[in-house]
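Every number for a ligand or one of its atoms is a count from 1 in the order of the listing.
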Amino acid sequence: MTPVTTVTPGTPTDSASPAAVRLDGISKSYGDYYAVHDIDLDIAPGEFFSLLGPSGCGKTTSLRMIGGFTDPTDGSVLLGGEDVTGLPPDKRNVNTVFQSYALFDHLSVTDNVSFGLKRKGTPRAEIRERVGTMLERCQLDDLADRKPRTLSGGQRQRVALARALVNRPQVLLLDEPLAALDLKLRRRMQVELKQIQREVGITFVFVTHDQDEALTMSDRVAVMNEGRVEQCGTPEDVYEHPANRFVASFMGTSNLVPGTYRDGTVVIAEGPSLPVGTRPGITDGTRVSLSIRPEKIWLSDFEPGMALATGVLRETVYSGATTTYLIELAPGIILSVLEQNTARSRMEDRWSGGERVEFGWKPEHCLVLD
Ligand SMILES: Nc1ncnc2c1ncn2[C@@H]1O[C@H](COP(=O)(O)OP(=O)(O)OP(=O)(O)O)[C@@H](O)[C@H]1O
Ligand SMILES: [Mg+2]
């Protein structure tokens with residue numbers, strides 16, 4: 001795949017042009033139940049934006065409202081600054097790739113990809129040119145004459161993508177497009193999809209419930225829960241600085257240790273006091289959760305300034321490149337610690353389990369959540 005142009009996505013604040021997609025106080029209710037509740041979002045032109053959250057949190061409903069397949073109960077949808085609320089899907093400059101791909105089985109790959117342009121009455125020479133370029137970009141040129149049912153899942157996925165991109169929509173909506181693929185193909189398609197998106201410079205709104213996928217692919221992520229956006233930011237923002245308990249636990253594994261904040265420590269009942277640094281804004285005696293990522297905890301080679309504590313090693317879980325250690329701090333309170341298995345660190349050779357071990361962390365790496 002040869003990159004043609006590379007578009008650096010802007011952010012809503014540094015861009016003079018209107019947001020590619022703006023959701024303005026948008027809600028969708030079914031009776032008393034809110035599938036989507038008062039969401040505000042600005043998605044910049046050229047941005048790879050993901051809606052991430054557990055099943056039923058309102059991702060598809062949000063996407064359908066952007067595409068015009070579902071009418072909001074409240075609020076408005078703007079595309080490129082134009083209010084499109086109430087317009088049908090074919091009057092919006094967006095295309096959607098559904099999870100099922102919905103390819104035409106009796107048509108060849110080329111005819112599938114040409115379909116939209118033919119229907120719009122695009123001149124034949126232009127169709128040939130645009131379809132040819134798109135097949136090449138999606139690595140489908142060798143498969144141009146095949147029928148979809150003779151293709152693999154990943155190939156079909158690329159046909160669906162080419163068919164949508166060839167129309168040059170302002171915005172491409174993708175609803176879990178990789179969900180049906182096996183893990184290896186999925187990882188490869190993540191990289192390819194991101195590469196294609198950069199080349200064509202189209203705004204992608206990508207729905208997934210897979211945290212890794214959202215972190216790997218997106219410029220920004222909106223983490224959703226029960227119809228609301230809990231946090232919106234860069235992958236690093238939401239991973240390193242989760243705004244609340246939900247985001248901390250949903251974005252990969254995080255330790256959430258319950259305790260009481262007192263004087264720069266989190267005191268665990270029947271367990272150690274964990275130094276976290278002074279937290280202005282949290283008063284002594286507040287019940288809190290200490291959130292710290294397993295990979296931010298050290299088991300050896302401590303540095304000056306690190307906080308240290310001990311616990312009992314309960315379990316060692318070897319997973320190839322990494323090993324997870326489960327350390328009990330107090331009855332029922334387990335801290336998980338993740339170490340890379342390098343030639344230098346092979347803890348499982350040293351520990352059998354049941355012994356008291358020391359661990360350390362940098363106070364700036366932990367969050368104290370109310
Ligand atoms: N037509 C409908 N009538 C009633 N409830 C609906 C309707 N469509 C969706 N819902 C409900 O709205 C909520 C959000 O649905 P949505 O499909 O947006 O979830 P999702 O985040 O896409 O989930 P998943 O990851 O499982 O696809 C769900 O609880 C769903 O049952
Ligand atoms: Mg869905």
Side-chain angles (χ1 to χ4, degrees), residues 21-41 43 48-77 79 84-89 92 94-103 153 156-157 160-161 164 169 171-183 186-187 189-190 193 203-218 220-233 235 238-239 242-253:
V21 179
R22 164 169 288 181
L23 300 184
D24 196 359
I26 207 155
S27 293
K28 179 70 190 178
S29 59
Y30 296 102
D32 294 344
Y33 175 75
Y34 277 85
V36 169
H37 202 132
D38 195 17
I39 288 184
D40 294 311
L41 276 183
I43 302 174
F48 196 120
F49 191 93
S50 292
L51 297 173
L52 170 70
S55 183
C57 73
K59 304 180 296 292
T60 296
T61 306
S62 303
L63 206 68
R64 290 177 62 86
M65 289 194 284
I66 299 172
F69 301 100
T70 297
D71 281 329
T73 324
D74 261 310
S76 38
V77 179
L79 295 175
V84 298
T85 323
L87 287 186
R92 303 182 183 203
V94 297
N95 265 193
T96 309
V97 177
F98 295 103
Q99 187 184 329
S100 58
Y101 310 150
L103 299 174
R156 277 206 295 273
Q157 199 273 327
L161 193 65
V171 176
L172 186 64
L173 308 175
L174 302 110
D175 195 352
E176 311 233 15
L178 308 180
L181 309 180
D182 70 54
L183 190 65
R186 194 174 171 141
R187 293 271 176 269
M189 285 307 302
Q190 288 171 1
L193 197 59
T203 310
F204 274 32
V205 186
F206 186 89
V207 162
T208 180
H209 62 265
D210 179 335
Q211 303 85 304
D212 288 339
E213 189 162 282
L215 290 176
T216 319
M217 303 182 74
S218 319
R220 283 191 307 146
V221 181
V223 185
M224 292 184 63
N225 182 32
E226 295 180 351
R228 298 172 194 271
V229 171
E230 297 276 353
Q231 186 173 6
C232 179
V238 293
Y239 189 80
N244 53 42
R245 284 180 63 103
F246 175 81
V247 180
S249 62
F250 190 73
M251 294 309 296
T253 334

**Study point:** Numbering as shown, the atoms of ligand 1 that approach Y33 to under 4.0 Å (heavy-atom distance)
**Key:** 11 (C), 12 (O), 13 (C), 28 (C), 29 (O)

Review point. In terms of heavy-atom contacts, does CZ of R22 have more than 12 from other residues, nucleotides or ligands at under 6.0 Å?
Key: no

Check your understanding: Any N or O of C57 that comes nearer than 3.5 Å to an N or O of ligand 1?
Key -> yes

Check your understanding: Counting N and O atoms only, with roles assigned by atom type, does the side chain of S218 sit under 3.5 Å from a partner on the main chain of L215, one being a donor and the other an acceptor?
Key -> no

Exercise for review: Look at ligand 1 and say whether E176 reaches it with a heavy atom at a distance under 4.0 Å.
Suggested key: yes

Revision key, fill the gap. heavy-atom search around atom 26 (O) of ligand 1 in the protein gives S55 OG, 2.5 Å

Review point. Between CD1 of I43 and CZ of R220, what distance do you get to the nearest 0.5 Å?
Key: 7.5 Å

Point to revise | Under 3.5 Å: donor-acceptor pair, side chain of T70, backbone of M65 | key: no

Point to revise | N or O contact, H209 vs ligand 1, cut-off under 3.5 Å | key: no

Study note, to complete from the structure: re atom 12 (O) of ligand 1, the protein heavy-atom contact at minimum distance is A35 CB, 3.2 Å

Review point. Is the number of heavy atoms from other residues, nucleotides or ligands within 6.0 Å of CZ (R245) greater than 12?
Key: no

Review point. Taking both backbone and side-chain atoms of T61, is any N or O found less than 3.5 Å from an N or O belonging to ligand 1?
Key: yes

Check your understanding: Between D40 (side chain) and G25 (backbone), is there a donor-acceptor pair under 3.5 Å?
Key -> yes

Check your understanding: Any side-chain heavy atom of V21 sitting closer than 4.5 Å to one from F49?
Key -> no

Exercise for review: Please report which non-hydrogen protein atom sits nearest to atom 25 (O) of ligand 1, along with the residue it belongs to and the distance in Å to one decimal place.
Suggested key: K59 NZ, 2.8 Å

Check your understanding: Is there an N/O/S atom in T61 that lies less than 2.8 Å from the Mg ion (ligand 2)?
Key -> no

Exercise for review: For atom 3 (N) of ligand 1, find the nearest protein heavy atom and state the residue, atom name and distance (0.1 Å precision).
Suggested key: Y30 CD2, 3.4 Å

Practice item. Report the relative orientation of the aromatic rings in F98 and F69; use parallel for angles under 30°, tilted for 30 to 60°, perpendicular for over 60°. Key: perpendicular

Review point. Any idea which atoms of ligand 1 are less than 4.0 Å away from a heavy-atom of T60?
Key: 17 (O), 18 (O), 20 (P), 22 (O), 27 (O)

Check your understanding: Looking at atom 31 (O) of ligand 1, would you say a protein heavy atom lies below 4.0 Å from it?
Key -> no

Check your understanding: Tell me: protein heavy atom nearest atom 14 (C) of ligand 1, and distance?
Key -> G56 O, 3.4 Å

Practice item. Measure the spacing between CD of Q190 and OG1 of T216 and express it to the nearest 0.5 Å. Key: 5.0 Å

